[in-house]
Amino acid sequence: MATTKPADIPNVSKDELLGYYRDMLLIRRFEEKAGQLYGMGLIGGFCHLYIGQEAVVVGLEAAAKEGDKRVTSYRDHGHMLACGMDAKGVMAELTGREGGYSKGKGGSMHMFSREKHFYGGHGIVGAQVPIGAGLSFADKYLGNDNVTFSYFGDGAANQGQVYETYNMAQLWDLPVVFVIENNQYAMGMSVKRSTKSPSYWERGVAYGIAGEAVDGMDVLAVKAAGEKAVAHCRAGKGPYILEVNTYRYRGHSMSDPAKYRTRDEVEKMRSEKDAIEHVRELLVQGGHATDDDLKAIDKEIKAVVNESAEFAKESPEPDVSELWTDIYA
Amino acid sequence: MATQVLMPALSPTMEEGTLAKWLVKEGDTVTSGMVMAEIETDKATMEFEAVDEGIMGKILIAEGTSGVKVNTPIAVLVEEGESADDVEAPAEEKAPEGEKAEAKSDAAHMDKPAVTSPAAPVAGKRDVSPDWPEGTKMKTMTVREALREAMAEEMRGNDKVFVMGEEVGEYEGAYKITQGLLDEFGPKRVVDTPITEHGFAGLAVGAAFGGLNPVVEFMTFNFAMQAMDQIVNSAAKTLYMSGGQMGCPIVFRGPNGAAARVGAQHSQDYSAWYAHIPGLKVVIPYSAADAKGLLKQAIRDPNPVIFLENEIMYGRSFEVPDVDDFTIPFGKARIWREGKDVTIVSFGIGMTYALEAADKLAEEGIEAEVIDLRTLRPIDYETVLESVRKTNRCVTVEEGFPVGSIGNHISATIMQQAFDYLDAPVINLTGKDVPMPYAANLEKLALVTTAEVIEAVKSVCYR
Ligand SMILES: Cc1ncc(C[n+]2csc(CCOP(=O)(O)OP(=O)(O)O)c2C)c(N)n1
Ligand SMILES: [Mg+2]
């Protein structure tokens with residue numbers, strides 16, 4: 001179990017801690033429910049769960065302000081919930097229904113919300129990285145001080161377009177935080193088997209980009225690093241790279257037999273490093289919440305998730321006329 | 001001897017320009033490399049350097065003149081003691097005869113029938129030999145097993161053949177096509193790559209130039225778009241660009257087309273894209289026997305071959321000849337079913353709908369001839385044409401988008417080669433002209449269906 005005591009953590013209020021707990025728990029319960037609906041045949045195709053990685057998005061959203069943007073890969077449910085998108089709309093997209101964020105036309109991997117500044121949901125590994133830089137280019141061009149979080153995986157970090165983007169982002173001082181969610185695996189390919197260089201963030205050094213590695217199972221550490229990165233970007237100093245070390249508990253997608261790692265390895269992470277347990281402990285040890293308080297939160301979250309599932313089942317399939325809409329503006 | 005200085009072309013597309021300024025005047029000595037004038041093109045002002053040496057005898061075009069055609073004499077250089085007047089005034093240029101002739105030859109090119117393109121097999125000759133001798137022992141296997149066997153056999157037979165791609169080794173392939181290959185051939189010949197399609201496709205092209213025979217697996221062809229430049233610009237064109245010196249014996253393979261419920265970025269049929277490119281060969285098997293025979297052929301082919309598989313077909317079983325060595329030549333369509341009333345042309349998973357429809361149509365007394373093209377480059381036009389000359393009607397079936405489809409190309413060929421035989425316009429069935437939706441009901445509507453094939457056949461039969 002993580003050993004950070006509440007006393008060691010400056011500037012975190014009880015309310016903030018409770019907020020992180022709630023947000024992370026929502027993602028976890030939501031994903032568990034999605035897994036269940038997948039098993040029932042209500043969700044089809046590829047469905048990539050975020051379980052285990054919750055502290056990454058929740059910590060970074062804590063460092064964001066209104067107007068900041070985010071873009072990520074197909075493993076996007078957590079990002080959407082963390083930036084305030086509605087669980088009902090996300091779940092209904094997973095079931096391919098009219099009430100989904102993309103009217104059922106995008107699916108698990110492709111959702112967007114202009115209102116919440118969430119720019120997808122991208123299926124092609126690495127493609128979201130230059131797009132994130134482009135969003136920050138627009139902000140800089142428009143003269144506001146917004147920042148973009150461009151999330152990608154350890155596997156994506158080997159795509160060539162990432163490095164083309166690094167160069168441009170630094171050349172033009174773009175306010176983009178490159179967030180490498182290093183969950184140690186790209187499908188079945190462990191980091192050790194795909195790359196020789198020991199750390200991903202250090203690759204930015206070659207381009208002159210500042211960065212650091214951070215414990216992605218500790219939401220407070222992620223938040224602190226996020227604040228630093230965001231301040232760097234807002235100050236006009238250009239991009240920042242955060243390599244967030246995390247772990248996915250489930251398979252790559254629902255169809256992954258996950259034979260490339262041992263059960264023990266997963267269990268060890270779950271029992272020793274779990275991000276939600278960590279915050280729960282801080283809350284209880286710090287006397288901020290009783291077991292009963294936390295149980296009440298669990299119940300509340302469960303209700304939100306169940307409601308989203310009900311909505312996702314009951315929302316009708318899109319009208320057949322939708323086949324022909326949204327192809328051109 | 002006096003030398004004419006001609007208006008230079010300062011860019012590949014420049015036809016005329018403005019002589020902005022002379023930097024030498026008559027009587028000046030000109031040395032090679034000296035800037036004589038400034039010339040404005042539509043894009044920039046360029047300095048014009050002297051190549052020849054001499055004395056500026058006469059300036060023929062005054063500075064400030066615009067619309068000076070390339071190759072017009074603009075000045076005359078003379079030697080010591082010579083006078084510019086010794087040089088004859090240039091004759092007024094006549095409109096070149098060549099222009100009209102050129103336009104004509106263009107038109108002639110358009111008239112050229114498609115069957116004479118390099119994509120075609122030997123024109124007019126149909127290979128009607130059976131794919132395997134009658135009485136050959138057969139065994140049942142899935143498309144997946146057939147592909148795996150083809151690779152394993154070719155790897156056993158040629159140690160230059162190796163497999164490369166994402167998750168092909170330890171994971172045994174995202175769709176298990178490479179199962180067992182790492183065990184048998186080891187990591188030298190079954191190479192797991194990082195997620196770097198553009199990089200490893202280019203690297204494999206280099207390996208092919210270097211004497212190896214790579215088989216590159218794309219986890220799906222959707223991701224080959226990352227590598228499109230290497231496939232088209234490097235693999236397909238280098239033989240031509242090197243005047244025949246440097247071929248690229250490589251196979252790019254993987255699942256193509258729509259799987260199920262995986263949305264717009266993971267569901268696309270690239271048949272027509274690759275078939276567009278001279279220098280590539282394009283193979284798209286339907287049955288397990290074809291998957292095996294064509295993949296073995298592809299690995300032996302000295303050219304870059306795009307081998308389009310289909311995830312939904314991987315688990316389907318077919319009869320495959322149980323023989324030691326078995327290949328199927330490119331450019332030889334297969335007639336799956338003979339019929340006199342209508343020709344249905346398809347390939348890949350489209351064959352599923354074509355054959356299903358033919359069964360149902362037979363119950364209603366319409367006998368369809370069903371042709372599987374099997375390869376899209378080269379295409380076996382002759383088998384299609386011969387069939388259409390018999391049935392006088394044709395429907396094409398494919399999963400890709402309608403604009404610029406393989407069906408469009410087949411229709412054009414039929415129109416050019418068998419126009420008088422047609423009793424109805426050819427109908428091209430394709431996927432709908434929309435990105436693939438995720439919702440189950442919309443996805444069904446986006447794909448081509450058996451019902452649509454039946455309806456189209458009835459329509460061309462006026463039934
Ligand atoms: C260009 C491209 N190549 C391959 C794939 C197939 N694919 C989907 S996810 C994935 C692994 C990506 O791993 P990583 O970037 O670490 O992200 P994670 O799934 O761990 O979040 C692969 C190979 C793809 N979607 N796009
Ligand atoms: Mg990863």
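In what follows, chains carry the letters A, B, and so on, assigned in the order in which the sequence lines appear, proteins first and then strands, with residues in each chain numbered from 1. What you see below is based on every heavy atom in this structure, not just the backbone, and it leaves out hydrogens, waters and symmetry mates.
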When A:Ala157, A:Ser194, A:Pro318, A:Gly155 are compared by non-hydrogen pairs under 4.5 Å with chain B, the top option: A:Pro318
Output field: ring centroids A:Phe118/A:Tyr101 closer than 6.0 Å: no
Engaged part of B:Met436 at the chain A interface, taking heavy atoms whose separation is under 4.5 Å: backbone
Contact class of A:Thr195 relative to chain B, heavy atoms under 4.5 angstrom: neither
Contacting moiety of A:Phe46, where chain B heavy atoms sit under 4.5 Å: both
Near-ring test A:Phe178/A:Tyr166, centroid separation under 6.0 angstrom: yes
Flag for B:Glu311-B:His266: side-chain donor and acceptor within less than 3.5 Å: no
Salt bridge B:Arg148-B:Glu184, side-chain N to carboxylate O under 4.0 Å: no
Structural part of A:Arg193 lying under 4.5 Å from a heavy atom of chain B: side chain
Output field: ring centroids A:His48/A:Tyr74 closer than 6.0 Å: yes
Those residues that, when tested against A:Pro257, pass side-chain contact (heavy atoms from CB on, under 4.5 Å) (two or more places apart): A:Lys259, B:Tyr171
Flag if over 12 foreign heavy atoms under 6.0 Å of CD, A:Glu32: yes
Neighbour count above 12 (heavy atom, 6.0 Å) for B:Lys444 NZ: no
For chain A, which residues of residues 190-198 of chain B have heavy atoms nearer than 4.5 angstrom: B:Asp192, B:Thr193, B:Pro194, B:Ile195, B:Thr196, B:Glu197
side-chain hydrogen bond (donor to acceptor under 3.5 Å, both in side chains) between A:Asp256 and A:Ser253, intermediate numbers included: CA-CA 6 Å; A:Asp256 175 17; A:Ser253 69; over 6 Å; no
Portion of A:Leu323 that has a non-hydrogen atom of chain B nearer than 4.5 angstrom: both
Between B:Gln226, B:Glu166, B:Met225, the one whose heavy-atom pairs under 4.5 Å with chain A are most numerous: B:Gln226
Heavy-atom proximity to chain A below 4.5 Å, by part of B:Ala446: both
Salt bridge flag under 4.0 Å for residues B:Arg253 and B:Glu217: yes
Interface residue of largest heavy-atom contact number with chain B, from A:Gln161, A:Glu317, A:Lys105, under 4.5 Å: A:Glu317
